[in-house]
Amino acid sequence: MSCKILIVEDDSNIAKYIQACLTIGGYDSEICSDGLSAVERACGGGFDLILLDVMLPGLDGFQVMESVKDSGVPVIYLTAVQDVAHKVQGLKSGAEDYIVKPFEALELLARIELVMKRHHKAETVLAYGDITLDAERHTVEKGGQAVALSPKEFDVLVFFIRHQDIVISRERLLSAVWDYAFEGETRTVDTHVQQVRRKLGLQGRLVTVPTYGYKLLKM
């Protein structure tokens, strides 16, 4: 079941952008534009995460956080306020993360995924066509038949399934799967992607984007 996220943002254009990012990541979401409504809806239950702006009408983000922190729902601040004191205040108030606008869709989704994992709410069983993947048991099946992948090949597959229809640079994949960047060396990414493509019959689905990286076409 998909996680449900409450977006608390008074700028409608930014709120719609955030919602589009979440849709790409497979998350359900609702938008709330003021602090008082945010408290009411958050405390009403049904949400797995709150994305919270700081500068809001009614109650500001820190006041909202104070009202909802006992609900157990994790909070990530999304704000244009770059002041270090505000960031420290936000994190000390109990928020899981503090992301400064503007941000890229992939960064937001990666940070959300980490928070969901910490709260055991990230989806562990993923499907793509006739491919089924269990992230906890580290198993992959295609058409009901087990497929043997190396640990890094497995992580590459998980990343692509969770980020379908997004062009992923080699550098982004290195950062996400290997946790570091090679200085000008991305051959290992190409090798692992080629192996995943071959072993799972993803020719024509896991496509190369010339000079940039790869994209797994959405089913």
Side-chain angles (χ1 to χ4, degrees), residues 1-126 135-136 155 158-159 162-163 166 172 175-177 179-180:
M1 182 178 292
S2 177
C3 295
K4 190 170 184 179
I5 298 175
L6 178 63
I7 303 165
V8 186
E9 169 61 63
D10 63 330
D11 185 310
S12 61
N13 290 326
I14 295 175
K16 289 175 183 176
Y17 170 72
I18 294 170
Q19 191 165 51
C21 294
L22 297 180
T23 299
I24 290 171
Y27 298 107
D28 293 328
S29 61
E30 292 183 11
I31 296 172
C32 181
S33 60
D34 68 90
L36 288 169
S37 297
V39 172
E40 181 180 340
R41 293 173 71 175
C43 292
F47 293 100
D48 300 295
L49 176 69
I50 300 170
L51 300 179
L52 181 61
D53 192 11
V54 171
M55 307 302 292
L56 292 167
L59 299 174
D60 66 29
F62 299 130
Q63 292 172 311
V64 172
M65 181 68 198
E66 185 65 27
S67 298
V68 305
K69 65 182 181 180
D70 291 335
S71 69
V73 180
V75 172
I76 296 176
Y77 282 111
L78 297 180
T79 175
V81 181
Q82 302 187 41
D83 182 72
V84 173
H86 277 86
K87 183 173 184 179
V88 171
Q89 181 182 352
L91 295 174
K92 281 188 173 181
S93 70
E96 295 284 335
D97 206 345
Y98 190 105
I99 304 175
V100 176
K101 305 170 188 172
F103 49 83
E104 296 293 333
L106 281 176
E107 177 189 5
L108 175 61
L109 292 174
R111 302 251 197 137
I112 288 173
E113 189 173 317
L114 287 175
V115 172
M116 293 294 93
K117 283 181 179 178
R118 284 201 293 269
H119 287 261
H120 309 292
K121 291 179 179 176
E123 288 185 284
T124 58
V125 178
L126 306 174
E136 282 193 349
D155 290 344
V158 170
F159 190 84
R162 284 180 169 158
H163 301 87
I166 301 174
R172 177 71 182 95
S175 175
V177 174
D179 294 324
Y180 63 90

Self-check item: Worked verdict on Val115 versus Ile112 for side chain to side chain contact (heavy atoms under 4.5 Å, CB included)
Solution: CA-CA 5 Å; Val115 172; Ile112 288 173; 5.8 Å; no
Practice problem: Would you sort out whether Val64 and Val8 count as a side chain to side chain contact (heavy atoms under 4.5 Å, CB included), showing the intermediate values? | Solution: CA-CA 10 Å; Val64 172; Val8 186; 5.6 Å; no
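- Rounding to the nearest 0.5 angstrom, the gap separating the CD atom in Glu104 from the CG atom in Leu109 is 11.0 Å.
- Only one option out of Glu66, Met65, Lys69 pairs with Ser93 in a side chain to side chain contact (heavy atoms under 4.5 Å, CB included); it is Met65.
- Across Gln63 and Gly58, no two heavy atoms sit closer than the pair OE1-O, 4.5 Å.
- Around the CD atom of Glu30, the shell of radius 6.0 Å holds more than 12 heavy atoms that belong to other residues, nucleotides or ligands.
- From Ile99, atom CD1 reaches atom CD1 of Ile18 across 9.0 Å, with rounding to the nearest 0.5 Å.
- Put simply, the side chain of Asp11 gets close to the backbone of Ile14: a donor and an acceptor are under 3.5 Å apart.
- Annotation: the span from Asp48 atom CG to Lys4 atom NZ amounts to 9.5 Å, rounded to 0.5 Å.
- Using bins of under 30°, 30° to 60° and over 60° for the plane-to-plane angle, the ring pair Phe62/Tyr77 lands in the perpendicular bin.
- Leu6 is listed as a side-chain neighbour of Cys32, based on a closest heavy-atom distance under 4.5 Å.
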Quiz prompt | Residues Ile31, Glu9; criterion side chain to side chain contact (heavy atoms under 4.5 Å, CB included); working and verdict | solution = CA-CA 7 Å; Ile31 296 172; Glu9 169 61 63; 5.7 Å; no
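- Here the straight-line distance linking atom NE2 of His163 with atom CD of Glu113 works out to 5.5 Å at 0.5 Å rounding.
- When all heavy atoms of Asp53 and Leu56 are compared, the pair lying nearest together is O-CD1, 3.5 Å.
- Salt-bridge annotation for Glu107 and Arg172: absent, with no side-chain N of the basic residue lying under 4.0 Å from a carboxylate O of the acidic one.
- Two residues are said to be in side-chain contact when any heavy atoms from C-beta on lie closer than 4.5 Å; Asp28 and Ile5 fail this criterion.
- Only one option out of Leu78, Ile76, Val68 pairs with Ile50 in a side chain to side chain contact (heavy atoms under 4.5 Å, CB included); it is Val68.
- Residues Asp34 and Asp10 are not in side-chain contact: their nearest non-hydrogen atoms beyond the backbone lie 4.5 Å or more apart.
- Here the closest heavy-atom approach between residue Ala80 and residue Lys101 is recorded as N-CD, 3.9 Å.
- Annotation: the span from Leu108 atom CG to Arg111 atom CZ amounts to 9.0 Å, rounded to 0.5 Å.
- Between the CD1 atom in Ile7 and the OG atom in Ser33 there is a gap of 12.0 Å [rounded to 0.5 Å].
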